[in-house]
Amino acid sequence: MRKSMFAVLAVIALLIAACGPSATPAPTTAPAAQPTTAAVSPTKPPAVPTTAPVAPTTAPTAAAVKINNPPASAAEVDAIVLAGKNVQVTYWHNRPQKDQDLLQSMLDEFNKSNPYGIKAKAEIAGSSYNDVYNKVNAALQANQPPEISVAYQNQAAFYRGQNAVIDLTPFVKSTKYGISDADMKDYIQTFLDSDKNPQFKNEVLGFPTQRSMEVMFVNLDALKKLGYDGAPKDWKTFEEAACKFAKDNPGKYGWDVGHDASRFAARIFARGGRILAPDGQSYVFNSQAGVDDLSMVARLLQNKCAVEIPTSESFGNQNRFGNGDLLMTMGSSSGLPFFQQAVDKGGKFKWDIALLPGADQPNAGMDLYGASVSVYKTTPEKELAAWLVIKFLGEKTQTTKWALATGYLPVRQSAKADVIAGFKADKTWGPVADSYAKMFDWTKYSLIESPVAGYDPVRLSLDKDVVTKLIQDPKSDVKALLDAAKASADKVLKENAPK
């Protein structure tokens with residue numbers, strides 16, 4: 001890691017002329033007559049002050065504050081001086097070129113408007129989050145991290161375990177550079193909470209600039225034909241509808257089983273279960289919620305009501321749903337426009353999104369997606385400049401632009417109306433605009449999967465050792481599959497725990 005460097009400048013000026021003794025003027029008259037009586041001794045001691053000394057009303061000067069790397073307090077952040085430092089910030093992300101162009105245009109505006117001379121640029125570090133993750137890890141090995149990158153919460157925890165990303169709490173709370181209480185209340189709280197890491201005493205290892213969530217896509221026309229007036233609201237009805245559709249439409253299926261740990265997690269959440277214990281010390285996906293879910297998946301597969309989407313089939317559920325070959329599927333809300341395009345090209349039916357069955361029930365919830373933006377340990381000046389870039393991207397104007405261009409949810413409450421109006425005014429979104437608007441009400445059900453270091457291999461294990469084995473043999477003992485995966489996951493968790 002780059003060596004930390006800090007400096008404390010102190011300037012002491014001794015104003016000798018003002019503080020030194022002046023020459024004593026010669027007396028112009030004779031001294032007054034001396035007292036003729038002795039001084040009277042005091043009859044009681046002087047009164048003791050009845051109030052404590054008044055504490056200083058101003059904070060120590062910036063020059064007196066020692067700045068750690070990274071800063072450990074808001075006062076340390078306040079004391080950082082950026083003027084004249086010409087700090088440059090590079091932001092690694094995984095978005096396509098059109099989003100890169102938009103992001104850089106916003107950073108250009110930041111470069112022109114910030115009073116500190118900070119220059120920020122965006123770079124595509126790969127086409128996926130894993131690409132960025134791999135590139136960051138290589139950069140850390142070479143002691144050349146970027147100043148900022150996108151990172152899922154568990155990835156940020158992994159970097160933090162290497163002392164490579166920093167806690168943003170002092171920056172958020174900085175009087176000079178932080179976010180006001182009013183602005184903090186404008187952020188969607190569940191989005192902010194998702195970046196507090198339980199492995200590191202709730203340190204804020206990233207900050208949100210976008211979010212999406214796992215939703216259920218439903219063919220409304222087909223459901224109506226089967227006798228349903230909307231999306232299933234409980235798992236029994238879900239299973240029943242899926243099998244009715246498959247029975248009435250040979251070669252088609254009511255639902256698909258995808259190789260995606262997040263889809264498994266979303267169903268667990270909707271059933272009231274969790275992936276990770278609240279204290280972050282163990283995995284709990286082998287609970288009754290997990291058993292109930294996999295038992296349902298096994299029945300749907302055995303009864304030919306559901307079909308596997310192989311990993312080799314790109315956008316398989318999206319295309320099959322668009323063609324009318326699936327009654328229901330699940331996926332990220334960021335795919336809304338692509339599902340609309342698939343339906344327009346294929347089945348041209350009426351469709352919508354919905355909460356997963358039961359997700360709005362007590363103790364249940366829905367899977368919140370979204371990599372945040374993390375800051376790497378470099379120098380206090382670069383870390384502050386990086387934070388100011390993130391703060392700028394989270395402002396209403398920027399988060400609104402980003403949401404309208406990408407389909408992600410904005411991070412500010414105040415952006416909601418503008419974003420919904422923008423979607424409805426854009427004919428390319430069609431009825432998707434109404435579906436998009438619903439998600440703002442669903443954010444209150446948001447839960448995140450596992451923000452701890454080492455979750456990536458656990459995700460792979462959930463697919464390989466649980467979902468794939470169940471697809472290959474739907475008669476498998478689902479409890480045994482889950483217990484074995486949990487034991488393996490706990491081992492990974494322990495190996496990656498903060499030392």
Side-chain angles (χ1 to χ4, degrees), residues 93-106 122 124 126-129 132 150 152 187-188 190-191 194 208-218 231 258 260 262-263 266 314-319 321-322 329-346 350-356 366-373 393-443 445-446 448:
H93 65 89
N94 64 321
R95 303 300 301 175
Q97 187 62 47
K98 71 177 185 63
D99 294 345
Q100 157 73 14
D101 294 341
L102 172 60
L103 180 57
Q104 187 57 57
S105 72
M106 291 194 287
I124 300 174
S127 59
S128 69
Y129 290 110
V132 179
V150 293
Y152 262 95
Y187 269 87
I188 296 174
T190 55
F191 295 178
S194 64
T209 59
Q210 64 182 28
R211 283 293 186 267
S212 62
M213 58 182 66
E214 180 87 358
V215 297
M216 183 164 65
F217 297 81
V218 295
D260 185 342
S262 290
R263 290 183 65 179
S314 299
F315 307 109
N317 69 327
Q318 175 182 301
N319 293 329
F321 179 82
T329 187
M330 296 167 189
S332 170
S333 61
S334 61
L336 276 170
F338 307 108
F339 273 84
Q340 179 67 64
Q341 292 167 15
V343 172
D344 287 345
K345 291 179 182 177
K350 188 176 181 182
W351 66 282
D352 203 352
I353 58 171
L355 285 166
L356 271 62
M366 60 193 308
D367 199 357
L368 178 69
Y369 292 149
S372 286
V373 186
L393 293 176
E395 292 176 355
K396 179 187 174 184
T397 299
Q398 282 68 246
T399 195
T400 300
K401 284 182 184 177
W402 189 253
L404 288 172
T406 64
Y408 278 96
L409 290 166
V411 294
R412 296 271 194 152
Q413 303 276 6
S414 59
K416 173 183 172 182
D418 289 350
V419 172
I420 291 175
F423 274 104
K424 291 190 174 181
D426 185 346
K427 293 182 179 179
T428 60
W429 282 90
V432 173
D434 291 324
S435 301
Y436 180 91
K438 295 177 181 178
M439 291 190 293
F440 288 94
D441 295 330
W442 297 344
T443 58
Y445 305 122
S446 298
I448 63 170

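None of the values given here were measured: they were computed from a predicted structure. The residues of the chain are indexed from 1 along the displayed sequence.
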Shortest non-hydrogen contact from [X] to [Y]?
X	Y	answer
Thr329	Asn317	OG1-ND2, 2.9 Å
Ala437	Ile420	CB-CD1, 3.7 Å
Tyr129	Ala371	CE2-CB, 3.3 Å
Val432	Gln340	CG2-OE1, 2.9 Å
Pro410	Val419	CG-CG2, 3.9 Å
Met216	Leu355	CE-O, 3.6 Å

Rounded to the nearest 0.5 Å, how far does [atom2] of [Y] lie from [atom1] of [X]?
X	Y	atom1	atom2	result
Met366	Thr443	CE	OG1	9.5 Å
Ser372	Phe191	OG	CZ	10.0 Å
Phe423	Leu336	CZ	CG	8.0 Å
Glu214	Asp260	CD	CG	6.5 Å
Thr428	Gln341	OG1	CD	8.5 Å
Tyr408	Thr209	OH	OG1	9.5 Å

Heavy-atom neighbours of [X] [atom1] exceed 12 at 6.0 Å:
X	atom1	value
Lys350	NZ	no
Phe338	CZ	no
Phe315	CZ	no
Lys427	NZ	no

Inset, instruction - Carefully, step by step, assess Asp99 and Trp402 under the rule side-chain contact (heavy atoms from CB on, under 4.5 Å). - result: CA-CA 8 Å; Asp99 294 345; Trp402 189 253; 3.7 Å; yes
Could you check whether any side-chain heavy atom of [X] comes within less than 4.5 Å of a side-chain heavy atom of [Y], counting everything from C-beta outward?
X	Y	value
Thr399	Gln210	no
Ser212	Met439	no
Leu102	Arg95	no

Inset, instruction - Give the intermediate values and the outcome of side-chain contact (heavy atoms from CB on, under 4.5 Å) for residues Val215 and Lys438. - result: CA-CA 11 Å; Val215 297; Lys438 295 177 181 178; over 6 Å; no
Under 3.5 Å: donor-acceptor pair, side chain of [X], backbone of [Y]:
X	Y	answer
Asp367	Arg263	no
Ser333	Met213	yes
Tyr187	Gln413	no

Inset, instruction - With sequence neighbours excluded, tell me which residues meet side chain to side chain donor-acceptor pair (under 3.5 Å) with Thr397. - result: none
Legend entry - Any donor-acceptor N or O pair under 3.5 Å, side chains Ser194, Arg211: yes
Legend entry - Stepwise side-chain contact (heavy atoms from CB on, under 4.5 Å) test for Ile353 and Trp442: CA-CA 12 Å; Ile353 58 171; Trp442 297 344; 3.9 Å; yes
Inset, instruction - Give the intermediate values and the outcome of side-chain contact (heavy atoms from CB on, under 4.5 Å) for residues Tyr369 and Ser262. - result: CA-CA 9 Å; Tyr369 292 149; Ser262 290; 3.2 Å; yes
Legend entry - Candidates Leu103, Val411, Val373 - the one meeting side-chain contact (heavy atoms from CB on, under 4.5 Å) with Leu393: Leu103
Legend entry - Parallel, tilted or perpendicular, as decided by the 30° and 60° cut-offs, for the rings of Phe217 and Phe339: parallel
